[in-house]
A.B. asks: 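Structure in structure tokens, see below.
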Amino acid sequence: MHIHIFWDSLSPPGLQIPVTRQISSILGMAATVSENHVRMMGYVDGRKQIDAQVLLDSIQAYKHRHAMKDPLLLVVHQDLFKNGNSFVFGLARQSVGAAVVSTARLSNEYYGRGGNDDDLIDRITKEGAHEVGHLLGLDHCHDRECIMFKPDTLDELDRKKKVLCNICSERLEGYLSSD
Ligand SMILES: [Zn+2]
Ligand SMILES: [Zn+2]
């Protein structure tokens with residue numbers, strides 16, 4: 001198995017390689033990154049946000065057309081929402097191995113603080129590894145430092161460490177070896 005990451009051209013440039021390496025190391029699996037080939041869909045003018053479910057439909061269609069079985073994570077710069085949530089950092093559709101992460105709310109600048117590439121790399125890595133973790137079969141975890149903890153705020157995201165807790169790590173090993 002192999003993680004594919006698509007990076008939309010307006011997402012922060014120059015961070016693809018460190019993010020991809022770190023996601024690969026957290027999940028213990030090869031990962032590659034390339035420019036985005038998925039058609040961007042779901043933008044809602046009135047909200048200036050993308051409906052994450054519609055974008056997942058588009059990723060699903062792309063994967064189907066290309067008979068891609070491996071997990072695919074799309075990183076976009078636009079803000080995401082889903083039905084019932086004013087925003088989401090990311091969203092995964094486990095049944096088809098498709099996930100999306102937005103960088104819109106992950107920069108310090110969004111919160112009026114000074115920009116920092118290391119913070120941004122950390123956050124995209126944590127969000128990306130979290131969503132791909134869902135694609136690999138993992139659910140949310142109560143351990144606030146685990147990658148599979150669901151953060152509602154940037155501070156909760158920052159408090160997480162770039163590792164799976166022992167329980168999630170063992171579960172993942174189990175899923176991967178049963179394939
Ligand atoms: Zn989650
Ligand atoms: Zn965990």
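As the structure lists them, so they are numbered: ligands from 1, and atoms in each ligand from 1. Starting from 1, each residue takes its place in the sequence as its number. Quantities reported herein were computed from a predicted structural model and do not represent experimental measurements.
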A.B. asks: Going by distance alone, is a donor N or O of one side chain under 3.5 Å from an acceptor N or O of the other, for H2 and T32?
C.D. replies: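 Yes, a side-chain donor-acceptor pair sits under 3.5 Å.
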
A.B. asks: Which protein N, O or S atoms sit under 2.8 Å from the Zn ion (ligand 2)?
C.D. replies: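 Listed by chain and number, the nearby protein N, O or S atoms are C141 SG, C146 SG, C165 SG, C168 SG.
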
A.B. asks: Is there a ring pair (Phe, Tyr, Trp, His ring centres under 6.0 Å) between H130 and H140 once you walk through the steps?
C.D. replies: CA-CA 9 Å; H130 177 100; H140 285 150; 5.1 Å; yes

A.B. asks: Rounded to 10°, how big is the angle at the Zn ion (ligand 1) from H140 NE2 to H130 NE2?
C.D. replies: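 Taking the Zn ion (ligand 1) as the apex, I get 110° for this pair.
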
A.B. asks: Pair E145, R159 - check salt bridge (Lys or Arg N to Asp or Glu O under 4.0 Å), show working.
C.D. replies: CA-CA 6 Å; E145 295 189 341; R159 238 177 281 138; over 6 Å; no

A.B. asks: Can you sort out the partners of H64 under ring pair (Phe, Tyr, Trp, His ring centres under 6.0 Å), two or more places apart, ordered by chain and number?
C.D. replies: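 So H64 forms no ring pair (Phe, Tyr, Trp, His ring centres under 6.0 Å) with any residue.
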
A.B. asks: Per the salt bridge (charged side-chain N to carboxylate O under 4.0 Å, His left out) rule, what does the pair list look like for residues 102-111, sequence neighbours excluded?
C.D. replies: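 Applying salt bridge (charged side-chain N to carboxylate O under 4.0 Å, His left out) to every pair that reaches into residues 102-111, excluding sequence neighbours, yields D79-R105.
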
A.B. asks: Sort and list the pairs that fulfil salt bridge (charged side-chain N to carboxylate O under 4.0 Å, His left out) and have at least one residue in residues 42-70, not counting sequence neighbours.
C.D. replies: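 Sorted pair list: D57-R93.
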
